[in-house]
**Student:** 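Right, I'll just put the structure down here and ask away after.
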Amino acid sequence: MARPPRHSRMLPGRRSSPFTLILAALLTVSVVLLMLLALGIFSLPVDSDGPAKHGPRRSIREKKNAVEHGENQWTEVISWEPRAFLYHNFMSQKECEYLIELAKPHMQKSTVVDSVTGRSKDSRVRTSAGMFLRRGQDKIIRTIEKRIADFSFIPMEHGEGLQVLHYEVGQKYEPHFDYFMDEFNTKNGGQRIATLLMYLSDVEEGGETVFPSAKFNGSSSPELSECAKKGLSVKPKMGDALLFWSMKPDASLDPSSLHGGCPVIAGNKWSATKWMRVHEYRT
Ligand code: PD2
Ligand code: ZN
């Protein structure tokens, strides 16, 4: 009887075991993935604090954040006297809408600080409605406050709670200083050193922030209201934030920081203010 050939295991046509097939499939998938990674077509999701931050590839979370906050975040120098900068697309539309919805049910007529007694009082100088949020109130607010600290170089602990403001047609905030003239209000945290004003909505007409004592070349855009033409002005745009300093780098008060909110002529204006102190502010 003829014996079976010695190398029958190697003969073509013999079936591979399921284990070999699975191994081969896994190997093929790994090779394809490695090739895609090498070509940069596909990237692994890594934590945004991980190494991908420093390379050309970004994690899915980083890309989402970039889209939400607008890839086009940029800084415009508004003036050096006073020191004022406009951070374009500082906040996402979602964040703006979140602050408005949070504040809406609690709005009350705004007040001003009496320069003699230091107490809040009703005034025709400021006709908006507003409400204070607690510092670090929730995750979204903490994220915004962390961003404010990063952009202003002033620690979060120096900030007062955010104040959300609403102006209807005709409502305004006459030119004023954000720093205090009384001794009472500086006991906690010292003087107000800087303000970050966030525009939570666009305004059809009016509502500009005006600096009547700023040094500037006097040219102004035709789309500004008459009030805004009386100084250096910023037109509100949803998501933009205006940082200006009430004190000079030598820690003296800066009178050129005089500023106001022009009357709204058409539409509605929503803004949020973060006042920052020289020292830590206890809430
Ligand atoms: O909401 C404004 O435009 C505005 C203008 C001036 C707010 C403040 N000041 C403020 O909150 O101090
Ligand atoms: Zn102000």
Side-chain angles (χ1 to χ4, degrees), residues 78-79 82-87 90-91 96 99-100 103 107-115 120-133 135 144 148 152 154 159-182 185 189 191-214 224-225 227-228 230-247 253-277 281:
I78 296 295
S79 144
R83 284 182 298 153
F85 308 89
L86 186 62
Y87 299 129
F90 179 80
M91 304 235 289
C96 294
L99 290 185
I100 294 174
M107 301 305 282
Q108 284 182 353
K109 166 121 192 40
S110 300
T111 54
V112 293
V113 175
D114 187 299
S115 59
S120 294
K121 62 171 188 188
D122 194 7
S123 164
R124 276 194 288 155
V125 161
R126 191 183 196 193
T127 54
S128 56
M131 71 88 59
F132 275 99
L133 298 167
R135 191 174 73 199
I144 296 169
I148 297 173
S152 63
I154 298 177
E160 297 177 36
L162 276 173
Q163 185 178 204
V164 179
L165 295 163
H166 181 218
Y167 301 78
E168 291 176 346
V169 170
Q171 295 184 336
K172 57 172 181 188
Y173 195 173
E174 294 271 347
H176 61 277
F177 301 109
D178 280 356
Y179 52 72
F180 297 108
M181 316 280 198
D182 66 280
N185 277 293
Q191 194 50 271
R192 280 181 179 157
I193 186 170
T195 303
L196 188 107
L197 217 151
M198 287 159 276
Y199 301 110
L200 306 180
S201 70
D202 293 332
V203 184
E204 253 175 77
E205 205 182 333
E208 302 92 341
T209 305
V210 61
F211 293 89
S213 305
L224 292 175
S225 68
C227 154
K230 290 183 184 146
L232 180 58
S233 296
V234 174
K235 191 173 166 54
K237 182 173 166 283
M238 187 220 272
D240 287 358
L242 173 66
L243 172 69
F244 61 91
W245 298 78
S246 295
M247 294 173 83
L253 299 180
D254 186 353
S256 73
S257 66
L258 182 76
H259 64 284
C262 288
V264 170
I265 297 171
N268 262 274
K269 174 179 166 188
W270 284 90
S271 63
T273 302
K274 169 66 86 180
W275 287 302
M276 288 163 276
R277 303 295 190 103
Y281 180 79

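Because the structure is predicted, anything quoted here is derived from the model rather than measured. Values below: all heavy atoms of this structure, side chains included; hydrogens, waters and symmetry mates excluded. For ligands, and for the atoms within them, numbers begin at 1 and follow the listed sequence.
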**Student:** I'd like a table of donor-acceptor pairs (distance under 3.5 Å, sequence neighbours excluded) in which one partner is a side-chain atom from residues 163-170, with atom names and distances.
**Tutor:**
{"residue": "His166", "atom": "NE2", "partner": "Asn268", "partner atom": "OD1", "Å": "2.5"}

**Student:** Give me the nearest non-hydrogen protein atom to atom 5 (C) of ligand 1 as residue plus atom name, then the distance to 0.1 Å.
**Tutor:** Gly261 N, 3.8 Å

**Student:** For atom 2 (C) of ligand 1, which protein heavy atom lies nearest, and how many Å away is it?
**Tutor:** Tyr167 OH, 3.2 Å

**Student:** Partners of Cys227 by disulfide bond (SG atoms under 2.5 Å apart), sequence neighbours excluded?
**Tutor:** Cys262

**Student:** In terms of residue, atom name and distance, what is the protein heavy atom nearest to atom 6 (C) of ligand 1?
**Tutor:** His259 CD2, 3.2 Å

**Student:** Counting no waters, what protein N/O/S atoms lie under 2.8 Å from the Zn ion (ligand 2)?
**Tutor:** His176 NE2, Asp178 OD1, His259 NE2

**Student:** Only counting residues at least two apart or in another chain, list the ones meeting ring pair (Phe, Tyr, Trp, His ring centres under 6.0 Å) with Phe85.
**Tutor:** Trp80

**Student:** Applying a strict 4.0 Å limit to heavy atoms, is Gln163 in contact with ligand 1?
**Tutor:** no

**Student:** Is it the side chain, the backbone, both or neither of Thr195 that has a heavy atom closer than 4.0 Å to ligand 1?
**Tutor:** neither

**Student:** At the 4.0 Å heavy-atom cut-off, does Thr209 count as touching ligand 1?
**Tutor:** yes

**Student:** Should you measure from each heavy atom of Ser271, which atoms of ligand 1 turn up under 4.0 Å away?
**Tutor:** 1 (O)

**Student:** Can you pull out the closest protein heavy atom to atom 7 (C) of ligand 1? Residue, atom name and distance to 0.1 Å, please.
**Tutor:** Leu197 CD1, 3.6 Å

**Student:** Distance to 0.1 Å, residue and atom name: give those for the protein heavy atom nearest to atom 11 (O) of ligand 1.
**Tutor:** Thr273 OG1, 2.9 Å

**Student:** Which residue in the set Arg192, His259, Gln191 passes side-chain hydrogen bond (donor to acceptor under 3.5 Å, both in side chains) when paired with Asp178?
**Tutor:** His259

**Student:** I'd like to check whether Tyr199 has a polar contact with ligand 1, where a contact means an N/O of the residue lying under 3.5 Å from an N/O of the ligand.
**Tutor:** no

**Student:** For atom 3 (O) of ligand 1, what is the closest protein heavy atom, and at what distance to 0.1 Å?
**Tutor:** Lys269 NZ, 2.6 Å

**Student:** Calculate, to the nearest 0.5 Å, the distance between atoms CE and CG belonging to Met238 and Asp240 respectively.
**Tutor:** 10.5 Å

**Student:** Give me the residue, atom name and distance of the protein heavy atom closest to atom 12 (O) of ligand 1.
**Tutor:** Asp178 OD1, 3.1 Å

